[in-house]
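Here's the structure we're looking at; comments come further down.
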Amino acid sequence: MLAGLQPTATRLAEGEHPAAAVEGRNDFGEEGYGGPMPPVGDGPHRYFFRVYAASAPLGLTGAPSAEDLRRALEGGELASGTLVGTYQR
C-alpha cells in the first residue's frame, strides 16, 4: 500500500517511493510490495490493485494497514478503481 501520492502523479517507476508518500503494510504484515508468488504448477492467480482518490490528505503515518486506510477514507472517498492482474509460475 502506498498512500499520499500527489494528485498530479501519472506513474511510478518500479520501486519508486515518492518522498511525501507513506508506505503501508502488505498482506504479509511487512512494509513494501511482496509481488505475486503463486505455487509452482497452479493455474493463474488473480491479483487486485485498488486505487482511491481522497478529498483531502488522510494523515496516515508509520506503516498503516489496509484497514487503517479504509478508516481514514470514510466519508472522503471521491473515486476508486480496480485493476486485476493474473500471474502464474
Side-chain angles (χ1 to χ4, degrees):
M1 181 181 80
L2 194 61
L5 293 171
Q6 294 300 313
T8 55
T10 58
R11 63 183 153 153
L12 293 173
E14 183 177 340
E16 183 180 356
H17 182 277
V22 174
E23 192 168 24
R25 291 178 296 214
N26 59 32
D27 290 343
F28 306 107
E30 300 170 359
E31 287 185 47
Y33 179 64
M37 198 61 86
V40 174
D42 266 15
H45 283 220
R46 295 181 306 162
Y47 295 88
F48 293 79
F49 299 87
R50 293 184 176 89
V51 180
Y52 300 94
S55 60
L58 301 177
L60 295 169
T61 60
S65 67
E67 184 56 36
D68 295 332
L69 174 65
R70 282 189 281 276
R71 277 194 299 270
L73 273 169
E74 284 182 11
E77 184 180 328
L78 295 176
S80 65
T82 302
L83 170 69
V84 180
T86 59
Y87 180 76
Q88 76 182 71
R89 295 195 291 164

Problem set entry | Pairs flagged by side chain to side chain donor-acceptor pair (under 3.5 Å) wherever residues 46-58 is involved - sequence neighbours left out | none
For this session: Could you name each residue pair satisfying side chain to side chain donor-acceptor pair (under 3.5 Å) that touches residues 77-86, not counting sequence neighbours?
Result: Glu77-Ser80
Seminar exercise, completed: Sorted by chain and residue number, the side-chain contact (heavy atoms from CB on, under 4.5 Å) partners of Ala54 (sequence neighbours excluded) come out as Leu58, Leu73
For this session: Could you pull out all residues at least two apart from Glu14 that satisfy side-chain contact (heavy atoms from CB on, under 4.5 Å)?
Result: none
Seminar exercise, completed: Tightest non-hydrogen contact, residues Met1 and Ala66, listed as SD-CA, 4.1 Å
Exercise. Which ILVMFWY residues are connected to Val22, directly or by a chain of links, through side-chain heavy atoms under 4.5 Å apart?
Worked result: none
Exercise. Cluster partners of Phe48, using ILVMFWY side-chain heavy atoms under 4.5 angstrom, listed by chain and number?
Worked result: Val84
Problem set entry | Pair listing, salt bridge (charged side-chain N to carboxylate O under 4.0 Å, His left out) test, anchored in residues 53-64, at least two apart | none
Exercise. What pairs meet the salt bridge (charged side-chain N to carboxylate O under 4.0 Å, His left out) rule with one or both residues in residues 60-70, with sequence neighbours excluded?
Worked result: Arg25-Asp68, Glu67-Arg70, Glu67-Arg71, Asp68-Arg71
Exercise. Is the closest side-chain heavy-atom distance between Leu60 and Leu69 below 4.5 Å?
Worked result: yes
Exercise. So, do His45 and Pro39 sit near enough that their side-chain heavy atoms are less than 4.5 Å apart?
Worked result: yes
Exercise. By side-chain hydrogen bond (donor to acceptor under 3.5 Å, both in side chains), which residues pair with His17, not counting sequence neighbours?
Worked result: none
Just list the side-chain donor-acceptor pairs under 3.5 Å for residues 5-12, sequence neighbours left out, or say none.
none

